[in-house]
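What follows is one structure encoded as C-alpha cells, with my remarks underneath.
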Amino acid sequence: MTQSNLSSILDALKFRYACKKFDPSKRVSDNDFLSILEAARLSPSSYGFEPWKLLVVQNPELREALRPHAGGAHNSFNGASHFVILLARKSADMRYDSEYISHMLHEVQGLPEATAAMKRSSFENFQRESFKLLESDRAMFDWASKQTYIALANMLTIAASMGIDSCPIEGFNRAGVEQKLSELGLLDLEHFGVSVMAGFGYRAETAPAKTRQSIEEIVQWV
C-alpha cells in the first residue's frame, strides 16, 4: 500500500461520523451503493462461512412499518438514501453439520471432499470446545452477529471513502423488528435474526468534531 493510499483511508475514517440528519434530496448512485454492498460481500468471516444477509429497505411503507420498533433509525428513515438491515444466521445454518455449512464447503469454497471433511471437523471442535457455541442458540447467534459488524465496518469505511455519510444503528427493539419483517415474509426466523442496521446518504448538518482517546490510552505494548 502506498503512503497516498494509506492517507486516503485514514482521511475517510476521519470524515466518517454517525450522521444524524440526512439530506433527503440527495441520493447515493446505484454504482456507489453497489460498491458499498461489495465491501460487505468481500468482508472476512470465521472459516469464511459468511454468516450474514443484507436486507436493503428502500420501500417507504416498510420503513414506516418499522418506525415504531426502531427509534434509533428515525433520522435515517427521514432522509437516508439507502437503509440496510444486517441479518445474522442462526444455529439452523451455522452448526458445523448444517446444510448451509455443506453448501459453503462444497458449492462456494469448492473444497475437495477430504479437505471439506477436515475443515468441518475443525469447525466442530471450534464450536464445541473453543467457543462453546453449541451450548445455546443465543451463543451461536451472538457469535454470528459479531461478525456482521466486520461487514458493517467495511461498508461504513468504503462509503466514507466516496464522501457518503452513514449511521450505524443499534437503537431498535429486535423482537419487534423481527416480528414485523416475519409478518411481511421478509425474514425466516428459523434461519436469521436482526443484528444491526445502517443508513447511508449525504449529511444535511455540520459534522461534530471527532473525539477519541489518545493512542497511548487504548494501546498497551507488552
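All residue numbers refer to positions in the sequence shown, counting from 1.
- In terms of the salt bridge (charged side-chain N to carboxylate O under 4.0 Å, His left out) criterion, Asp32 has no residue partners (sequence neighbours excluded).
- Between Tyr47 and Phe49, the angle of the ring planes stays under 30°, which puts this pair in the parallel group of the 30/60° scheme.
- Here salt bridge (charged side-chain N to carboxylate O under 4.0 Å, His left out) pairs that include residues 45-62, with residues two or more places apart or in two chains, number zero.
- In this structure, CD1 in Ile85 is found 10.0 Å from CG in Leu54, a value given to the nearest 0.5 Å.
- For the pair Leu87 and Val194, the minimum side-chain heavy-atom distance is below 4.5 Å.
- Clustering of Ile, Leu, Val, Met, Phe, Trp and Tyr side chains at separations under 4.5 Å leaves Phe15 isolated, with no partner residue.
- Contact of the Leu111 side chain with the Met118 side chain is not registered, since no non-hydrogen atoms from C-beta on lie closer than 4.5 Å.
- For residues 72-86, the set of pairs meeting the side-chain hydrogen bond (donor to acceptor under 3.5 Å, both in side chains) definition, not counting sequence neighbours, comprises Arg67-Asn78.
- When each of Phe22, Phe33, Phe200, Phe77 is checked for a ring-ring contact (aromatic ring centres under 6.0 Å, His included) with Phe83, only Phe77 meets the rule.
- Taken from CZ in Arg41 to CG in Leu34, the straight-line distance is 11.5 Å, to the nearest 0.5 Å.
- Note on residues 196-208: pairs passing side-chain hydrogen bond (donor to acceptor under 3.5 Å, both in side chains), not counting sequence neighbours, are Tyr17-Glu205, Asp165-Arg203.
- The ring pair (Phe, Tyr, Trp, His ring centres under 6.0 Å) check on Tyr149 picks up nothing, with sequence neighbours excluded.
- Rounding to the nearest 0.5 angstrom, the gap separating the CZ atom in Arg212 from the CD1 atom in Ile218 is 9.5 Å.
- Ser43 contributes atom OG, which lies 9.5 Å from atom CD of Glu38 (distance to the nearest 0.5 angstrom).
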